[in-house]
Structures are given as structure tokens and as C-alpha cells.
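Accompanying notes for the structure given below.
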Amino acid sequence: NAGVTQTPKFRVLKTGQSMTLLCAQDMNHEYMYWYRQDPGMGLRLIHYSVGEGTTAKGEVPDGYNVSRLKKQNFLLGLESAAPSQTSVYFCASSYPLGQGNTGELFFGEGSRLTVL
Amino acid sequence: AQRVTQPEKLLSVFKGAPVELKCNYSYSGSPELFWYVQYSRQRLQLLLRHISRESIKGFTADLNKGETSFHLKKPFAQEEDSAMYYCALNSGGSNYKLTFGKGTLLTVNP
């Protein structure tokens, strides 16, 4: 049981390049999230998904796209990377709150992205 | 709009001293609040939830709706408590998404 796995863990991009971050969870969780963590800014929600085939915008969605084609995977894409997207990205997953579930978020180890 | 405020970026205490990490929130509905912790080189993880009224690793947090606060407290800090602490608010209702504060870095000195 690996929990939440993010790939890649590190990546350096040039401005304008594109890339995809992959998040995979093996806990059969319905909900999945992408956050970015920046110094002094805490964690900010980029996009999230409440089930396979659904996605929704979070607090800072601009410049990112996501897809949830399979329940266990949540992809975060940067179509044209900008230096402002230099950050540590965290994926998380959870059961819906209620029905005996605590709604606890389980996080991946993070992916450090640098855009030059 | 929902908001979580952690006024202290850094907090430094000595081992054995009491510690209080402050968290204030703004939310129009009935709040669901959490504390998450990130130890060095470890994943972010849940510390405690207000609805369970539990004590984890000696930490407690009481929801005060009048003051819109959810401060995290421990009577006697330990060096292993040194970590980044985030207060979080469920701002999505039934859709369940967490809004995090900016975090407080706690350092417990020997």
C-alpha cells in the first residue's frame, strides 16, 4: 500500500515548456486535490476532483489544467510554464467526509518544480 | 469568503514550556477545522480535528465560535514537536475541500 505517489519528484523547466505531474493513489479515494506550497503563502488549492471524470477549480487555477480519467489518477498539467509556477506541488486524496469517514487528507511527498 | 489566518510565521519556545499556535477563521457556515503538521522530510499529515475533540501527541485544540478561533495548545513542548503546523478549514461543504492557513514554523529549543 503505497498511499499517494507523485511523479516526478523534481523537474526543471524552461519558460514556455509544458509538463504533466502525475498523482496516483491506491486507497480507492473519491476525492483528489492538487495544492502548491510557496514560502510565506502556505498551501493553496489549484484544482480538485470529487470523482472520476469530474474536476473543479480551486483558489489558484490559472495556468494549470487537470484530468481525472481514472479514479486512482489525477494529472496536473502546465501548458506553458512560467517562473511564477516555480513551487512545490502536493497531491492529496480523501474519502468524502461523513458515513464514518473522517475526510482526512492523505498527501504525497511533493514535487519540486523550477521554471527558469 | 472563507479565510484561515495564522498570525505567527515563526514560533520558538524552550523544551518543557507551554506552546500555543494561533488560528483564526472566517466562514459563513458551520466550520469544520483541522490541524495538519509537516515534520522535516515527512509528508504533511493530519494532527487533529475539532469534531473529534481528541488529544494527539499532547496537543489539543478547542473551537471557539465566538472568537472564531481554533488555537493549538500543548502544555509542555518537546523537541520532536518542531515542525510546520497548518490550520485548515473545510470550505467546500459537502464537496469537502480544505483551505489552509499560511502555516507556523514551531521550533522547540533544548
Side-chain angles (χ1 to χ4, degrees), chain A residues 1-6 9 23 25 27 29-51 54-61 66 68 74 87-112, chain B residues 1-11 21-27 29-54 56 72 83-106:
Chain A
N1 189 338
V4 179
T5 303
Q6 295 180 226
K9 290 185 170 46
C23 177
Q25 53 94 5
M27 297 173 281
H29 284 165
E30 289 293 332
Y31 292 1
M32 295 188 75
Y33 312 82
W34 276 108
Y35 285 90
R36 59 178 289 174
Q37 183 185 48
D38 302 290
M41 299 299 291
L43 286 154
R44 292 180 293 172
L45 183 63
I46 305 171
H47 286 280
Y48 65 104
S49 168
V50 298
T54 72
T55 63
K57 294 181 179 180
E59 183 184 353
V60 288
V66 288
R68 184 98 182 268
F74 195 30
S87 186
V88 181
Y89 292 86
F90 286 96
C91 177
S93 69
S94 76
Y95 286 116
L97 187 67
Q99 299 178 350
N101 295 317
T102 66
E104 175 181 355
L105 263 61
F106 292 84
F107 283 85
E109 293 181 301
S111 297
R112 185 175 294 275
Chain B
Q2 59 276 2
R3 188 169 59 247
V4 177
T5 303
Q6 292 181 251
E8 302 138 330
K9 286 186 179 180
L10 304 170
L11 185 61
L21 290 87
K22 291 184 169 53
C23 172
N24 290 90
Y25 67 91
S26 173
Y27 186 57
S30 181
E32 296 172 79
L33 287 151
F34 308 81
W35 277 98
Y36 278 78
V37 61
Q38 189 175 27
Y39 300 103
S40 179
R41 298 190 182 88
Q42 292 189 29
R43 303 179 187 219
L44 196 65
Q45 58 188 283
L46 177 66
L47 181 62
L48 53 79
R49 303 166 294 137
H50 92 269
I51 57 174
S52 58
R53 300 186 64 80
E54 58 204 342
I56 302 294
L72 183 68
M84 178 69 84
Y85 291 81
Y86 291 98
C87 183
L89 165 72
N90 176 20
S91 56
S94 59
N95 273 344
Y96 191 62
K97 59 187 174 89
L98 293 189
T99 296
F100 285 83
K102 295 184 178 181
T104 298
L105 180 61
L106 174 65

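Only this structure's heavy atoms are used, side chains among them; waters, hydrogens and symmetry mates stay out. All values reported here derive from a predicted model rather than from experimental measurement. Below, read A as the first sequence line, B as the second, and so on, with proteins coming before strands; counting in each chain starts at 1.
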Under 4.5 Å to a heavy atom of chain B? For A:F106 that would be neither
key: A:L43/B:L44 under side-chain contact (heavy atoms from CB on, under 4.5 Å): CA gap, chis, key distance, verdict   = CA-CA 11 Å; A:L43 286 154; B:L44 196 65; 3.2 Å; yes
Under 4.5 Å to a heavy atom of chain B? For A:E30 that would be neither
Interatomic distance, CG@A:L45 vs OG1@B:T99, rounded to 0.5 Å, equals 7.5 Å
Distance col, row B:K97:NZ vs A:Y35:OH, nearest 0.5 angstrom, shows 8.5 Å
Inspect the surroundings of CZ in A:R44 and state if more than 12 heavy atoms from other residues, nucleotides or ligands are less than 6.0 Å away. yes
dist A:E59:CD -> B:F100:CZ (nearest 0.5 Å) comes out at 11.5 Å
Salt bridge (charged side-chain N to carboxylate O under 4.0 Å, His left out) filter on B:K102, not counting sequence neighbours, yields none
Whatever's closer than 4.5 Å to a heavy atom in chain B on A:L105 counts as both
Whatever's closer than 4.5 Å to a heavy atom in chain A on B:Q6 counts as neither
- Query: Can you find a heavy atom in the side chain of A:E104 that is under 4.5 Å from one in the side chain of B:Y36?
  - Reply: yes
Distance col, row A:Q37:CD vs B:M84:CE, nearest 0.5 angstrom, shows 7.0 Å
